[in-house]
Amino acid sequence: MAEDSQRNFRSVYYEKVGFRGVEEKKSLEILLKDDPLDIEKLCTFSQRFPLPSMYRGLVWKVILGILPPHYESHAQVMMYRKEQYTDVLHALKVIRFVSDSTPQVDIYLRMYQLESGKLPRSPSFPLEPEDELFLAIARAMEEMVEDNVDCYWLISCFMNQLNTKFRDSLPQLPKAFEQYLNLEDSRLLNHMKTCSAVTRLPYDLWFEKCFAGCLPESSLQRVWDKVISGSCKILVFVAVEILLTFKIKIMALDNAEKITKFLENIPQDSSDAIVSKAIDLWHKHCGTPVHSM
Amino acid sequence: YLEDVKLQARGQLQAVESRYEAQKRITQAFELEILDLYGRLEKDGLLKKLEEKTEAAE
Amino acid sequence: YLEDVKLQARGQLQAVESRYEAQKRITQAFELEILDLYGRLEKDGLLKKLEEKTEAAE
């Protein structure tokens, strides 16, 4: 009993001085001791708490199905993944789609195109909008993940998740954005309506690229924790928080073009706070996922 | 426990299948490339013959 | 029964593995073909350039 209150006291203490992460890291470590891993619990954890960066790679790979739940199979499966990567990369070199001087993100794009049967007839053909989307996400992921094989698999599975699981919900997000902004700050929404800016906001950057190229990677990965573990709705609240954060600036802009341009290049220094507030706002409106640990 | 073994097997199988599917895509891409290269070779050959003809005619 | 399931899983895994190996051999054969075709195209291109040069020199 005494030990218990001691523990609780320490938790509160950590929380106050910003060490809440210690407790969270411990509970994630308990989850990671499960063998086979419980993917559902890992998803719930990532919905609720920030992932400690040392475990982020593992958790993402397990949730996205790059690694199976059984630890015993990890080495074997990773070997298959690596072989597949090598096979596809080599093939692209044979047909001269990539060379030693091709930038890494372009290599990832060609690999993804080949694997999905969408490789164009010639590397000189202009890129499609969906390719630009891929490149934005690949560039961001490249900043987060060091190993090329891991990085390719994460990009490719993340893209597949956007194209399948979230295919129907992503187009609904602009409407939800308008709805929540109205709840949080109707004056700001009205100002943007007056400027006819609401339909011209950078929705593709926010909801298709999932803020890749908009937020710095250190903040972005905390948003992607939520997206990867199953919620694309978090994107709406990041967008709302961006507007609330730069409200004064936006209220001073009087036309849609200026507002859009500003939002496409927001200052990076407040992004960590924006993401934290967005996650709180998301929990406030959508509830905290049930913690089934 | 039986379900566990099945689940583990499925995890491995999924990775091997994906590697196989990629290899199939590679074969398809190579096939297209071969057709394309033959096309270019034939065009080159045809052009050469045409040039020879026009030269002879001159 | 458990052994049975394990055996079955191994059998499935091996089946996909061997399909992969077969596909890979096809890919390798195609790769040689592609290298050969590129070689021929480049030789043609080179010959053409050489001819142009000698013509210009004449």
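Both backbone and side-chain heavy atoms feed into the values below; hydrogens, waters and symmetry mates do not. Here is the naming used below: chain letters follow the sequence lines, and residue numbers restart at 1 for every chain.
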Contact part of Arg96(A) toward chain B, heavy-atom cut-off under 4.5 Å: side chain, backbone, both or neither? neither
Over all heavy atoms of both residues, which pair between Phe30(B) and Ala91(A) is shortest? Give the atoms and the distance, please. CE1-O, 3.6 Å
Answer with side chain, backbone, both or neither: which region of Glu33(B) has an atom nearer than 4.5 Å to a non-hydrogen atom of chain A? side chain
Under 4.5 Å, counting heavy-atom pairs only, tell me which of Asp4(B), Val16(B), Leu7(B) racks up the most with chain A. Asp4(B)
Within residues 68-87 of chain A, which residues come under 4.5 Å of chain B, heavy atom to heavy atom? Pro68(A), Pro69(A), His70(A), Glu72(A), Ser73(A), Gln76(A), Val77(A), Tyr80(A), Arg81(A), Glu83(A), Gln84(A), Asp87(A)
Using only non-hydrogen atoms and a strict under-4.5 angstrom cutoff, which residues of residues 111-120 of chain A touch chain B? Leu114(A), Glu115(A), Ser116(A), Gly117(A)
Tell me, side chain or backbone of Gln28(B) under 4.5 Å from chain A's heavy atoms, or both, or neither? neither
